[in-house]
Amino acid sequence: MSPATIRASLGLALAAVAASVAAAPVTYEIDPSHTDVIAQWNHLGFSNPTLHFSQVEGRIVYDAENVAASSVEVTLPMSGLNSHVARFDEHLRKADFFDVAKFPVATFRSTAVEALDGQRLKVAGELTLKGITRPVVLDVVLNKAAPHPRDNRPTIGFDATTHLLRSEFGMGRGAPAVSDEVKIRITTEAQAAAD
Amino acid sequence: MKPDVRLLLLPIALTVALAACKPAPPPAEAPAAPTPSAEAAAPAATATEAAVAPIVAASGTYKIDPSHTNVLVSWNHFGFSNPSINFGDADGAIVYNADDVAASSVEVTLPISGLSALATDFKDHLTSADWLDVAKFPSATFKSTRVQAAGTNRFTVDGDLTVKGVTQPVTLDVTLNGAGEHPMRKVPAIGFDASTTLKRSDFGLGGYAPAVSDEVKVHITTEAFVPAPGTPAG
């Protein structure tokens, strides 16, 4: 093997190593300032109000080569609950709804991640709300994975939706006039540490 | 069951059933759609149009209930996420004319102080002079200029939206969700969802576009009721 060939092979080998490093699972920290969990219900058939859960903390592990090896773990502090109506927030924090004194956070932990066509994923997991854990499946769209133009850190963004029955979490008061079914829409942005 | 309880439950059951039958309300599918432009609810609505029962709403002037009215505005952030803010504390009136839809109208004031964002510092930033400049422009307003029927329980509402002192024409796609006696207030009530798309740069709020999308989606839900005679509105 000529020195030139050796150098070329070495270069290829290094490139292959670099590629495999890039394909390894990446851990992203959720950015609470660009993560929104919106719950929406129907009120007496008239309106479809929403509330938000903000201050979301957690991490997303995404493996582009082996999506099934991906995972997500999130904590939603009840201090981040915001229905846009202060008096209603106060009511929601009480024992007949979220009982935030006793249950200050909700959590979601994925149990299985499945790649669907295109940019779609199915994420099964366990949602714990008011101390009650139920299986939940999220329909997820990968919006974008790329270095963030501001700081060049690897960044990933998803939207996700699901439906819940609030009565399954001990918050069925007012149903069905106020719908038991609650639609959840999530948008999130998460960043990995700089290389 | 006592007859008066049945009478109370019937309109609730009807309105809930009607709400359940209709195609997904506009806000529901927005964030998950991979191609924002493909999200229009119109094709689904057309397909099921025949199955939708027309909602009969009483003519009258309905006062908007700020505690059941959301104006959610969402945008795209660098392609990664689709955050939203809410304009709350809406104040206004909906005139509904069942016999002559074109005689209906809506007028709403959105105080900028009612804006809520995910984080307080972001709200402060948005209401500062760089953005909405709440000190100089304390509220946004919407005044309808034309209301047209657009299929069963659907309407097209043209109007003038004023934000930060700039007035632009806007068209809302509106769905009548339900109407009937409000079970607690015992007065005629009505509820709508509505959506539209705006360019924030049209209102002098184009900073960071297009990395942060110039296009913003607006999803409105509102509930309004006819104030009982002799009681202060609200």
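For the numbers below, each heavy atom of this structure counts, side chains included, while hydrogens, waters and symmetry mates do not. Protein chains get the first letters and strands the later ones, always in sequence-line order, with residue 1 at the start of each.
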Quiz prompt | Region of B:S84 that comes under 4.5 Å of a non-hydrogen atom in chain A | solution = both

Quiz prompt | Test log, rule side-chain contact (heavy atoms from CB on, under 4.5 Å), inputs A:L44 and B:M184 | solution = CA-CA 10 Å; A:L44 310 177; B:M184 281 82 93; 4.3 Å; yes

Practice problem: Return yes if a side-chain donor-acceptor contact under 3.5 Å exists between B:N97 and B:S104, otherwise no. | Solution: no

Exercise. Using non-hydrogen atoms and a 4.5 Å limit, figure out which bit of A:H34 sits close to chain B: side chain, backbone, both or neither.
Key: both

Self-check item: Pairs of heavy atoms under 4.5 Å with chain A: top-ranked of B:A224, B:S81, B:A117
Solution: B:S81

Quiz item: Does A:K144 make a cation-pi contact with B:F80 (under 6.0 Å, within 45 degrees of the axis)?
Solution: yes

Practice problem: Just grab all the salt bridge (charged side-chain N to carboxylate O under 4.0 Å, His left out) pairs involving residues 106-116 of chain A, residues at least two apart or on different chains. | Solution: A:E73-A:R109

Self-check item: Contact class of A:I156 relative to chain B, heavy atoms under 4.5 angstrom
Solution: backbone

Quiz prompt | Interface moiety of A:T35 toward chain B, non-hydrogen atoms closer than 4.5 Å | solution = backbone

Self-check item: A:N82, part contacting chain B, at a heavy-atom distance under 4.5 Å
Solution: side chain

Quiz item: Which region of B:F87, side chain (C-beta onward) or backbone (N, CA, C, O), has a non-hydrogen atom less than 4.5 Å from a non-hydrogen atom of chain A, or is it both or neither?
Solution: neither

Self-check item: Interface moiety of B:A119 toward chain A, non-hydrogen atoms closer than 4.5 Å
Solution: neither

Quiz item: Does any heavy atom of chain A fall under 4.5 Å from the side chain of B:S67, the backbone, both, or neither of them?
Solution: both

Quiz item: Between atom OG of A:S33 and atom CD1 of A:I30, what is the distance when rounded to the nearest 0.5 Å?
Solution: 12.0 Å

Exercise. With rounding to the nearest 0.5 Å, note down the distance linking CG in B:N153 to CG in B:N177.
Key: 9.0 Å

Self-check item: A:T155 portion near chain B, given a 4.5 angstrom heavy-atom threshold
Solution: both

Practice problem: Could you tell me which portion of A:T188 (side chain, backbone, both or neither) has an atom closer than 4.5 angstrom to a non-hydrogen atom of chain B? | Solution: backbone

Quiz item: Can you tell which of A:H43, A:H148, A:R150, A:E181 has the highest number of heavy-atom pairs within less than 4.5 Å of chain B?
Solution: A:H43

Quiz item: To the nearest 0.5 Å, how far apart are OG in A:S83 and CG in B:N86?
Solution: 9.5 Å

Quiz item: Tell me, side chain or backbone of B:L118 under 4.5 Å from chain A's heavy atoms, or both, or neither?
Solution: both

Quiz item: What residue among B:T175, B:T69, B:D193 forms side chain to side chain donor-acceptor pair (under 3.5 Å) with B:T221?
Solution: B:D193

Quiz item: Does any heavy atom of chain A fall under 4.5 Å from the side chain of B:F78, the backbone, both, or neither of them?
Solution: both

Quiz item: Is it the case that B:D214 and B:S201 place a side-chain donor and acceptor less than 3.5 Å from each other?
Solution: yes

